[in-house]
Amino acid sequence: MTGPDDRPDDDVAADRFHTPVMVEEVLRFLAGRGTVLDMTLGLGGHAAALLDAGVREVIGVDRDPSALVIARERLEGYGERFRTVHGRFSDVDPGVAVDGVLFDLGVSSLQLDTGERGFGFRTDGPLDMRMGGETEPGTRSARELVNELEEPELSGLIYHYGEERGARRVASAIVRARSRRPIETTDELAGVVAGALGKRPGGPHPARRTFQALRIAVNRELEELAA
């Protein structure tokens with residue numbers, strides 16, 4: 001499987017290249033191996049380090065088509081030693097023969113810093129959070145979950161996936177807010193959560209756990225990892 005082959009703006013792509021913080025640990029386990037499956041590929045930082053360290057081939061997997069476009073451009077110089085799979089963890093052929101697997105879980109800076117993707121509470125945008133974009137089948141946006149789930153289900157989601165002790169207060173505040181009008185943006189949701197939990201000067205944003213919980217639920221991250 002392959003993802004979109006359109007190329008990003010060169011300046012945008014260059015700005016988004018970054019150095020992963022755990023390269024040393026990754027190389028300690030995987031350097032010099034034959035074929036390594038990199039899940040999630042992201043912007044290709046770990047993949048580049050592995051290829052430079054003598055890994056024969058890296059197969060990069062990512063459900064985010066934007067990340068794949070940038071990673072392909074970054075790693076095109078490695079030729080046939082690098083290839084990609086556009087899909088979720090569960091889309092990978094379980095019979096593929098590899099000598100090592102790297103799981104890089106969670107959200108990337110590319111997603112958090114792009115307001116229109118709706119992942120972050122620091123940059124306003126439509127409340128989305130779908131890693132595979134709006135065309136990925138079988139996924140519901142964060143907007144749909146926030147505005148459609150019953151209060152007990154919403155509270156449970158925020159508590160279990162976000163480990164938010166104030167989950168009931170957050171869910172109750174969301175239900176009250178959406179009764180007046182739908183919650184459409186990240187700023188609106190962050191404001192509702194801050195109003196429910198309060199915000200300490202200089203402290204972490206009170207919405208961080210709620211946003212984490214919604215992201216995990218939207219993308220079915222735990223189910224994908226189990227698969």
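- Remark: side-chain polar atoms of N219 are paired, donor with acceptor, to backbone N or O of M129 under 3.5 angstrom.
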Legend entry - Audit row: L27, L50, side-chain contact (heavy atoms from CB on, under 4.5 Å) steps and yes/no: CA-CA 7 Å; L27 295 182; L50 289 166; 3.8 Å; yes

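- The heavy-atom pair separating A217 from L145 by the smallest distance is CB-CD1, 4.0 Å.
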Legend entry - CA sep, side-chain torsions, deciding dist, call: Y161, L222, side-chain contact (heavy atoms from CB on, under 4.5 Å): CA-CA 9 Å; Y161 290 158; L222 300 186; 3.7 Å; yes

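- Looking only at distances, a side-chain donor or acceptor of R81 sits under 3.5 Å from a matching main-chain atom of V55.
- Of the inter-residue distances, the one linking D124 atom CG with D187 atom CG reads 3.5 Å to the nearest 0.5 angstrom.
- The line from CG of D52 to OH of Y78 is 3.5 Å long, rounded to the nearest 0.5 Å.
- Between G42 and A71, the shortest heavy-atom distance links the atoms O-CB, 3.7 Å.
- Of the possible donor and acceptor atoms, none in the side chain of E184 sits under 3.5 Å from a partner among the backbone N and O of R143.
- The CZ atom of R63 sits 11.0 Å away from atom CE of M39, with the distance rounded to the nearest 0.5 Å.
- Within the 4.5 Å cutoff, no side-chain heavy atoms of D38 are placed close to those of F82.
- D62 places no side-chain N or O within 3.5 Å of a backbone atom of T40 that could act as its donor or acceptor partner.
- D128 contributes a side-chain N or O that, together with a main-chain N or O of R130, makes up a donor-acceptor pair within less than 3.5 Å.
- Side-chain contact of R176 with S172: a donor-acceptor pair under 3.5 Å is present, judged by distance alone.
- For E224, the side chain to side chain donor-acceptor pair (under 3.5 Å) partners at least two apart in sequence or on another chain are S90.
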Legend entry - Worked check of side-chain contact (heavy atoms from CB on, under 4.5 Å) between E57 and R83: CA-CA 8 Å; E57 177 189 33; R83 56 193 175 97; 2.7 Å; yes

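- Distance CZ/R140 to CD/E148: 5.0 Å, rounded to 0.5 Å.
- Side chain of E144 to main chain of S141: a donor-acceptor pair is present (N/O by atom type, distance under 3.5 Å, no hydrogens or angles).
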Inset, instruction - I would like to know whether L68 and L41 meet side-chain contact (heavy atoms from CB on, under 4.5 Å); could you show each step before the answer? - result: CA-CA 8 Å; L68 287 174; L41 174 63; 3.7 Å; yes

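- In this structure, the separation between CD1 on I216 and CD on E223 is 10.0 Å, given to the nearest 0.5 Å.
- If you run side chain to side chain contact (heavy atoms under 4.5 Å, CB included) between V146 and each of I183, L157, V175, only I183 comes through.
- When atom types are taken as modelled, the side chain of R33 and the backbone of D99 share a donor-acceptor pair closer than 3.5 angstrom.
- For CZ of R178, the number of neighbouring non-hydrogen atoms (other residues, nucleotides, ligands) closer than 6.0 Å is greater than 12.
- Side chains of V193 and E164 form no contact here, defined as non-hydrogen atoms less than 4.5 Å apart.
- I174 CD1 to L189 CG: the interatomic distance, rounded to the nearest 0.5 Å, is 5.0 Å.
- The environment of Y159 atom OH is sparse: at most 12 non-hydrogen atoms of other residues, nucleotides or ligands sit within 6.0 angstrom.
- In this structure the side chain of E163 never reaches within 4.5 angstrom of the side chain of Q212, judged on heavy atoms.
- Between R209 and I158 there is no side-chain heavy-atom pair separated by less than 4.5 Å.
- Residues G44 and R74 share a closest heavy-atom pair of C-NH1, 3.8 Å.
- When every heavy atom of H86 is checked against every heavy atom of P65, the shortest pair comes out as NE2-CD, 3.9 Å.
- Counting all heavy atoms, side chain and backbone alike, A173 lies closest to A196 at CB-CB, 3.7 Å.
- No more than 12 heavy atoms of other residues, nucleotides or ligands shown are found within 6.0 angstrom of CZ on R165.
- More than 12 heavy atoms of other residues, nucleotides or ligands lie within 6.0 Å of CD in E25, so this atom counts as buried by the packing criterion.
- Considering every non-hydrogen atom in both L127 and A142, the closest pair reads CG-CB, 3.9 Å.
- Between the side chain of T186 and the backbone N or O of G125, at least one donor-acceptor pair lies under 3.5 Å.
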